[in-house]
Undergrad: 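Before I ask anything, let me first share the structure, which is written out below as structure tokens.
What's counted below: heavy atoms across the whole structure, side chains too, no hydrogens, waters or symmetry copies. Please read these numbers as outputs of a predicted model, since none were measured by experiment. Order of the sequence lines fixes the chain letters, A, B, ..., with proteins taken first and strands second; residue numbering starts at 1 for each chain.
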2 protein chains.
Amino acid sequence: MSEPRWLTPDQAEVWAKYRRLRRELQRAQDQQLQQDSGLSAADYALLAPLSESADGVLRARELGAEVGWERSRLSHQISRMEKRGLVTREACADDARGSMVRLTEKGREAIEAAAPAHADNVRRLVFDPLTPDEMRVFGDVLDRILGAVERNAG
Amino acid sequence: MSEPRWLTPDQAEVWAKYRRLRRELQRAQDQQLQQDSGLSAADYALLAPLSESADGVLRARELGAEVGWERSRLSHQISRMEKRGLVTREACADDARGSMVRLTEKGREAIEAAAPAHADNVRRLVFDPLTPDEMRVFGDVLDRILGAVERNAG
DNA sequence: ACCAGGTTGTTGACATGTCACCGACTTCGT
DNA sequence: ACGAAGTCGGTGACATGTCAACAACCTGGT
């Protein structure tokens, strides 16, 4: 603590690569989604769990947990998507505080049209370049770092 | 193309982990930076290359290339940082279109105060959990995916 | 010298994300 | 039954990122 340990040159290089990948991969995905289907990554993130749920309805709390978003962010995004007719809001029968988010027909068409090309893009850019061994270790690496981040957040 | 290939369950799991890591790690870094030094990740991203350059001055074009940002994003962020006294803008002697970005004394103090804790955080969350082998493979994985993304962007 | 085409930086409009806060409701201990 | 504390979703203000368009400038071929 009194004596800061800097990153080694190898570590700095890997860290720079990670930041670059995060940026470039995000950009590639945003572009592909926007061009092929007119959806943003935020749209897709919410439509995907909705389309996989029973009747295309999820409680906002559940949807937020699925995607790992804060309530405020989720609420804003739902408002924007509601305005474009992708989802609707409904009252929650069990809990008068709650609100349910329902996929519209238009929303279902949008996600079903977008999903194949999106999956293909992920597979092509992320997984096709990796050997089975690399993919296994990659998964382990993600687990270890995630563990550290979550212990950190407490 | 006519027949979409979906992700295998293993791939879907790794992909979900990647997205989660991207989100959680970003959040951890934002919080740490903001709390310890009052800087945002965007501030830090620009201050770091500036502080390492001769005299703390870089042409906007160079700074943009360093961080991989578009011109518009860079210009907006510089405006915000200028307003807070972290950097100043100057005319470019070589090229009348250009503009130079100069670190202020306040900007240098901010980055120098923030850097050790930031580096420590990266090391602790990302590299300490990895074995040397894992880190080596991780670097290879990033290279391969980056290669695919860049071939994709053309 | 000239000008068509590329480069550089900025701007305004808009989309997205964060923060602090609120109002309504539920939960839980008493 | 009651109230304190927690949960849930929403809102407004603001920070950040994207996009299209623009003005000014440089560059290269002619």
Undergrad: Rounded to the Å, how far apart are Ile78(A) CD1 and dG9(D) C1'?
TA: 9 Å
Undergrad: For Asp95(A), is there an ion pair with Arg61(A) - N to carboxylate O distance below 4.0 angstrom?
TA: no
Undergrad: Base, sugar-phosphate alone, or nothing: which one does Arg23(B) contact when heavy atoms must sit under 4.0 Å apart?
TA: nothing
Undergrad: With no hydrogens and no angle check, just 3.5 Å: does a side-chain donor-acceptor pair link Thr131(A) and Arg144(B)?
TA: no
Undergrad: Can you say whether the rings of Phe127(A) and Trp15(B) are parallel (under 30°), tilted (30 to 60°) or perpendicular (over 60°)?
TA: perpendicular
Undergrad: Give a yes/no answer on whether the side chain of Ser99(A) brings an N or O atom under 4.0 Å of OP1 or OP2 in dG10(D).
TA: yes
Undergrad: Tell me what Arg89(A) touches on the nucleic acid: a base, only sugar-phosphate, or nothing, going by heavy atoms under 4.0 Å.
TA: sugar-phosphate
Undergrad: Got a salt bridge between Arg19(B) and Glu24(B), using NZ or NE/NH1/NH2 to carboxylate O under 4.0 Å?
TA: no
Undergrad: Could you work out, with side chain to side chain donor-acceptor pair (under 3.5 Å) as the rule, every residue matching Ser40(A), not counting sequence neighbours?
TA: Asp43(A)
Undergrad: First contact, last contact: which nucleotides of DNA chain C are these for chain B, 5' to 3', heavy-atom distance under 4.0 Å?
TA: dG6(C) to dA13(C)
Undergrad: If you find the nucleotide of DNA chain D closest to Ala96(B) and the one closest to Asp43(B), which residue's nucleotide is nearer the 5' end?
TA: Asp43(B)
Undergrad: When the distance from CD of Glu62(A) to C1' of dT7(D) is rounded to whole Å, what number comes out?
TA: 13 Å
Undergrad: Base, sugar-phosphate, or nothing for Asp30(B), non-hydrogen atoms under 4.0 angstrom?
TA: nothing
Undergrad: Using a cut-off of 4.0 Å on non-hydrogen atoms, how would the nucleic acid contact of Arg61(A) be classed: base, sugar-phosphate, or nothing?
TA: sugar-phosphate
Undergrad: Closest nucleotide of DNA chain D for Ala60(A) versus for Ala42(B): which of these residues is on the 5' side?
TA: Ala60(A)
Undergrad: Roughly how many Å is it from CG in Asp94(A) to P in dG9(D), rounded to a whole number?
TA: 12 Å
Undergrad: Expressed in angstrom and rounded to an integer, what is the separation of Arg71(B) atom CZ from dA21(D) atom C1'?
TA: 12 Å
Undergrad: Salt bridge or not for Arg27(A) and Asp30(A), using N-O below 4.0 Å?
TA: no
Undergrad: Would you mind checking if Arg136(B) and Asp133(B) are paired as a salt bridge, meaning a charged N to carboxylate O distance below 4.0 Å?
TA: yes
